[in-house]
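Quick note on labels: first sequence line is chain A, next is B, and so on, each numbered from 1. Just the heavy atoms: all of them, side chains too, but no hydrogens, waters or symmetry mates, feed the values below.
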Protein chains: 2
Amino acid sequence: MDALLKNLKISINESIFLKDPESSDLGKRIVTYGIILINDLGFDNFTFKKLAAHIESTESSIYRYFENKHKFLIYLTSWYWGWKEYQLVFATNNITDPVEKLLKAIEIATREVEEDQSFNHINEVILNKIVINEYSKSYLTKEVDDENKEGYFAIYKRLSNRIRKMISDVDPTYPYPASLASTILADSLHHHFLKNHFSSLTECDDQTPPSHYFKHLILNLLKF
Amino acid sequence: MDALLKNLKISINESIFLKDPESSDLGKRIVTYGIILINDLGFDNFTFKKLAAHIESTESSIYRYFENKHKFLIYLTSWYWGWKEYQLVFATNNITDPVEKLLKAIEIATREVEEDQSFNHINEVILNKIVINEYSKSYLTKEVDDENKEGYFAIYKRLSNRIRKMISDVDPTYPYPASLASTILADSLHHHFLKNHFSSLTECDDQTPPSHYFKHLILNLLKF
DNA sequence: TCATATTGATAGTATTACTACTATTTTTGC
DNA sequence: GCAAAAATAGTAGTAATACTATCAATATGA
């Protein structure tokens, strides 16, 4: 992994947190162990009380960083998409051939995170599992329109847009580039879930990861 | 709508409920107003206590029908997919041309429900909105493998399989028919959501519904 | 060292998600 | 038309959740 990536700070909309968890040791511990605990318990069973016990702190201290666990999930998933975006931009920046560029982008957007890059307090392998299992809960709420206006989903939308542009660069005649980019991002999460829990609903498995399916889709759908 | 469809009873795995809500007046009211209330409040804010107040019954009476609100959601969404399956089978049964058959199936699977068929106590227009907003919460849980073994998602899987077979009938060489069927079902729900809340992430709107996108995808992806 | 920020500790509230038990009403089967 | 059974309502209670508020202790830094 590029050294630049090791030092990057993902910038996240400040209204998602009350106090920047990157700004203190406690904040980082909340994030580090929050990720582990959400993965272990599932987001529905996760509470700040349990997390507080885990890190030997208190509920009230955690509430100083995040209003509630929903905002905490938005924070974690925003961080994840920001991290993915950096990876995607870095890896595709110097590729000139549009097809090759798009394929690389899809590889990065849809592959499972397999190594903890460990450049910071965040375990991306586990965070990736959380995104697969919980991301949609962050927007399938009654508050989605307000939160969208506040910019809570801006990073994801920016990433989706980058892929949309790459699709149009490959085939300017393709009429649904935004939809296709959305399908690739959201449906690849879904396919990782299917692979793990509903294997009869997909051909994907450890030998044939979802990225193969999506690359095949792109290569056979777009005209270039 | 076919008269047969007006009298059908969707059969739902008995371990999803404690007492069949179709078997009594109270049971039907729970379902009828449960659908309305989940749509109004969102599933997260919905409680049996609120529903009880709404139908002038008691929490304890509702608990006689469903163990908890999660099982209630599974019941409602199973009913929805069973209903969709009937529609799909009826509408495609007498079509012999595989391409025409598949396109019809996709039309039915991905279109928004626009009229309340009113053949019973269930408002399918509202139930469709619930499925768009809440379906994934029914399986994105820590209990998914156990519940899958119990057959809680059997109807959805059967529907997905029907579409998979139709895809293979159109193009036996296509290597990912199960994945593509899953994409069509799950991603069409997602696209309806995008259209309503993240319009920049899709070309779909009222003039261009998600069904157009998916039909175009099929026609340009499969070889026939 | 004084002020400020940070964290910890404790307590308290309203709501949620139930369980248990009893009482009453309705249905049905003879 | 009556008794038994089934269905529903009513009440109460518990543990956990999702917070808010207040104050004390400690560390930091100017």
Side-chain angles (χ1 to χ4, degrees), chain A residues 14-34 37-38 40-76 121 134 137-138 140-143 146-147, chain B residues 14-34 37-38 40-76 121 134 137-138 140-143 146-147:
Chain A
E14 301 216 342
S15 62
I16 292 173
F17 48 77
L18 296 170
K19 182 177 150 71
D20 185 356
E22 304 258 317
S23 71
S24 74
D25 181 63
L26 179 64
K28 285 178 196 155
R29 269 161 53 226
I30 289 170
V31 170
T32 302
Y33 292 99
L37 205 56
I38 289 174
D40 285 350
L41 304 175
F43 184 68
D44 300 341
N45 301 318
F46 168 84
T47 68
F48 280 173
K49 192 173 192 175
K50 289 173 186 170
L51 176 56
H54 227 251
I55 61 178
E56 287 172 318
S57 178
T58 57
E59 261 186 294
S60 53
S61 296
I62 297 172
Y63 275 107
R64 274 188 207 101
Y65 287 84
F66 297 100
E67 269 178 69
N68 51 50
K69 71 173 184 171
H70 173 247
K71 292 275 185 91
F72 186 45
L73 180 62
I74 304 246
Y75 176 85
L76 294 178
H121 57 290
E134 322 288 359
K137 296 174 191 169
S138 75
L140 294 176
T141 67
K142 278 283 160 184
E143 298 76 31
D146 289 340
E147 295 187 345
Chain B
E14 302 216 341
S15 62
I16 292 173
F17 49 76
L18 296 169
K19 181 176 153 70
D20 185 356
E22 304 258 316
S23 71
S24 75
D25 180 64
L26 178 63
K28 285 179 196 155
R29 269 161 52 224
I30 289 170
V31 170
T32 301
Y33 292 99
L37 205 56
I38 289 175
D40 285 350
L41 304 175
F43 185 68
D44 300 341
N45 301 319
F46 168 84
T47 69
F48 280 172
K49 192 172 192 174
K50 289 173 186 168
L51 176 55
H54 227 252
I55 61 178
E56 288 174 320
S57 179
T58 57
E59 260 185 295
S60 53
S61 296
I62 298 172
Y63 275 106
R64 267 183 218 105
Y65 287 84
F66 296 101
E67 270 179 69
N68 50 51
K69 71 174 185 172
H70 173 247
K71 292 276 184 89
F72 186 46
L73 180 63
I74 305 246
Y75 176 85
L76 294 177
H121 57 289
E134 322 287 359
K137 296 174 191 169
S138 75
L140 294 177
T141 67
K142 278 284 162 184
E143 298 77 30
D146 289 340
E147 295 186 345

Q. Closer than 4.0 Å, any side-chain N/O of A:K19 to the OP1 or OP2 of C:dT6?
A. yes
**Q.** For atom CD1 of B:I62 and atom C1' of C:dT19, their distance in whole Å
**A.** 15 Å
Q: Indicate the ring-plane relationship of B:Y33 and B:H54, choosing parallel, tilted or perpendicular according to the 30° and 60° boundaries.
A: tilted
(Q) Under 4.0 Å, heavy atoms only, any strand: does B:F48 hit a base, just the sugar-phosphate, or nothing? (A) nothing
Q. Got a sec: does the NE2 of A:H70 have more than 12 other heavy atoms crowding it under 6.0 Å?
A. yes
Q: Keeping the roles fixed (side chain from A:S138, backbone from A:L73), state whether a donor-acceptor pair exists under 3.5 Å.
A: no
Q. So where does chain A start and stop touching DNA chain D, 5' to 3', when the test is distance under 4.0 Å to a non-hydrogen atom?
A. D:dT17 to D:dA21
Q: Strictly below 4.0 Å, heavy-atom distances to any atom of DNA chain D: list the hits from residues 21-33 of chain B, or just say none.
A: B:S24, B:L26
Q) Do the non-hydrogen side-chain atoms of B:I30 and B:P21 ever get within less than 4.5 Å of each other? A) no
Q) Got A:F43 and B:L140 here, is their nearest side-chain heavy-atom distance under 4.5 Å? A) no
(Q) Between the side chains of A:D44 and B:K137, is the shortest nitrogen-to-carboxylate-oxygen separation below 4.0 Å, so that they form an ion pair? (A) no
Q) With a non-hydrogen cut-off below 4.0 angstrom, is A:T47 in contact with a base, only sugar-phosphate, or nothing? A) sugar-phosphate
Q: Please report, rounded to the nearest Å, how far the C1' atom of C:dA17 is from the CG atom of A:N45.
A: 13 Å
(Q) For a quick test of reading the model: is some side-chain N or O of B:K50 closer than 4.0 Å to OP1 or OP2 of C:dT16? (A) yes
**Q.** Closest non-hydrogen atom pair, A:I16 against A:F66
**A.** O-CD2, 4.1 Å
Q | Separation of atom CG in B:L41 from atom C1' in C:dT15, rounded to whole Å | A | 14 Å
Q: Kindly state which residues belonging to residues 52-60 of chain B come within less than 4.0 angstrom of DNA chain C, counting heavy atoms of the residue only, listed by number.
A: B:E59, B:S60
Q. Side-chain contact, heavy-atom cut-off 4.5 Å: B:L18 with B:E67?
A. yes
**Q.** Heavy atoms from other residues, nucleotides or ligands near NZ of A:K49 exceed 12 (cutoff 6.0 Å)
**A.** no
**Q.** Side-chain donor or acceptor of B:K50 paired with backbone N/O of B:N45 under 3.5 Å
**A.** yes
(Q) I'd like to check B:Y75 versus B:Y65 (side-chain heavy atoms, cut-off strictly below 4.5 Å). Are they in contact? (A) no
Q: Could you state the atom-to-atom distance from CZ of A:R64 to C1' of C:dA9 in whole Å?
A: 10 Å
Q: Would you indicate what A:F66 reaches in the nucleic acid, counting non-hydrogen atoms under 4.0 angstrom: base, sugar-phosphate, or nothing?
A: nothing
**Q.** Nearest-angstrom distance from the residue atom CD of B:E67 to P of C:dC18
**A.** 9 Å
